[in-house]
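Right, one structure below, let's go through it.
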2 protein chains.
Amino acid sequence: MVNGIKPIAAKSMAERVEASLREYFTKENFKPGDPLPTELELAAALGVSRNVVREALSRFKMLGIIETKKKTGMVISNPDIVGTFEKVLNPEIMDESTLKDLFELRLVLEMGIADLLFLRKTEADLDELEEIAAREVKDKNFRISTEIAFHGKLYEMTGNDTMKRFQNLLLPIFGYVMKLENKKFVSGKVTHQDLVKILRKGTVKEFKEGMLSHLQPHFDRLKQLK
Amino acid sequence: MVNGIKPIAAKSMAERVEASLREYFTKENFKPGDPLPTELELAAALGVSRNVVREALSRFKMLGIIETKKKTGMVISNPDIVGTFEKVLNPEIMDESTLKDLFELRLVLEMGIADLLFLRKTEADLDELEEIAAREVKDKNFRISTEIAFHGKLYEMTGNDTMKRFQNLLLPIFGYVMKLENKKFVSGKVTHQDLVKILRKGTVKEFKEGMLSHLQPHFDRLKQLK
DNA sequence: ATTAGTAGTTATGTTCTACATATTAAATGT
DNA sequence: ACATTTAATATGTAGAACATAACTACTAAT
């Protein structure tokens, strides 16, 4: 077996141009709004066809790192990281171990937002949350949608838009993993209504314990697996 | 002001082809390993040039959703989501509110991993962690690197590779935000060595309190801002 | 002098053709 | 039956050409 030897340039031109451009952007310290050379200039500078350059640029456009206008040219812009995440987060084509990891990540987030919640909660938020929890008790049929609504509202209350959107993306993962394991959504001893109550009048510590108890079935399952 | 009116098709062909392909993949229920039509077939089916198709395909290749081999053609594959994340996570071109959000996200993760840690910790892990903490006390100069090593090891101990890699990506964000706010890395009353001790002999609850205390300076700063 | 209109220029958007290259599959020869 | 050669095919890359939007500058008209 041949060891310590690797292919010279297995990667495609577009891939290499992407890497070169990325390096160029950081080296030149590009900031949002800064104009880029034209496609032809880049092609000439890199010694490749305009076609290849465009394939690489197309990638940056997808990430939101580059924006273009005709005649004006291209400029750097700040990418939408959550939006990008969305583009790869397809449960159908994800390997199982990653799915499991993301499922756990969701649990970790859920357990970790307590401090932010107590830092930023408002009366209006609590009222709305309470209303969601109350609605849930009436409509036995729509447990999943209210489940989503409740936890979604929690993330919203953190005042962290990125986290809220991120959690939203993880929702299908959550559902998918549950389906894979043929499990039903089961809540622990602490209900949503209990959580609201703690959030309103209790302490951070109590809330953390409450949330753990609420998610206990999920943690129990993890314990079984290992 | 004109209301309820939007541009017909402002998006580029490549962008629309990307969307069409994405829809096609899910509709046809493609799984990793499944072969795709050829570029020419796609171009014909979509009524666009092969060039445009290639620009769209290039995007999927970047995300790792498509892999290609000459002659054989293209197949669906499972994307590397953390790797994709890395491609957009450049602090230099990110807007400040997103940076702030990610900084908080890091804190939330840190607070939320306690349960996983106690579920999966091993003696070997604890030994290594203790060693890192001990090294830190000796080398006053390299506080930041040991800071990274310590918390990195914690994530590693969760047994969640995705989370570990994700945290690794957030590190530069952490540093960047600190630099932006001209703050130094300050630990709370609970040190790394204390955390190790709790992790070894204490309870989950104690560890959570310890971690909160360790990160308290950061939470205090958040409190100041709001 | 301000406005309106016109023409020219430029960079991206799109298409088409051609050829290179890797790899599979078929054909051929021993 | 096996090894070798040949052909076929899908991706990779290059180059030219034209379309299109948007900026610039010049011109004409009120």
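All of these numbers come straight from a predicted model, not from anything done at the bench. Convention: sequence-line order gives letters A, B, ...; per-chain numbering from 1.
Residues A:R59 and B:K61 are in side-chain contact: their nearest non-hydrogen atoms beyond the backbone lie under 4.5 Å apart.
B:E104 and B:K100 are joined by a salt bridge, as a carboxylate oxygen and a charged side-chain nitrogen come within less than 4.0 angstrom of each other. Between A:K87 and A:D80 there is no salt bridge, since no side-chain nitrogen of the basic residue lies less than 4.0 Å from a carboxylate oxygen of the acidic one.
At whole-Å resolution of the value, CD in A:E39 and P in C:dA11 are 11 Å apart. Straight-line distance from the CD1 atom of B:I66 to the P atom of D:dG12: 11 Å, rounded to whole Å. For the pair A:M13 CE and D:dG15 C1', the interatomic distance rounds to 15 Å; values are reported in whole Å. Note: CZ (B:R54) to C1' (C:dT14) measures 15 Å, nearest angstrom. As rounded to whole Å, 10 Å separates atom C1' of D:dT11 from atom CG of B:L40. To the nearest angstrom, P of C:dT17 lies 13 Å from CZ of B:R50. For the pair B:R16 CZ and C:dT14 C1', the interatomic distance rounds to 12 Å; values are reported in whole Å. Rounded to whole Å, atom P of C:dT15 lies 14 Å from atom CG of B:L42.
Ring centroids of A:F25 and A:F60 are separated by less than 6.0 Å, placing the two rings close together. Note: A:F219 and A:H214 fail the aromatic proximity criterion, with ring centroids not under 6.0 Å apart.
You'll find that the side chain of B:K71 is closest to C:dA22, out of C:dA11, C:dT10, C:dA22. Listed candidates were D:dG15, C:dA22, C:dT15. Nearest to the side chain of A:N51 is D:dG15. The nucleotide whose nearest atom lies closest to any side-chain atom of A:M74 is, among C:dT15, C:dT12, D:dT13, C:dT12.
For the OP1/OP2 pair of C:dT12 and a distance below 4.0 Å, the side-chain nitrogens and oxygens of B:S12 include no atom meeting the criterion. B:K61 has a side-chain polar atom (N or O) that falls below the 4.0 Å cut-off from OP1 or OP2 of D:dG12. Of the side-chain N and O atoms in B:T38, none sit less than 4.0 angstrom from OP1 or OP2 of D:dA10.
For the pair B:T72 and A:K70, nearest-nucleotide mapping onto DNA chain D gives the more 5' position to B:T72.
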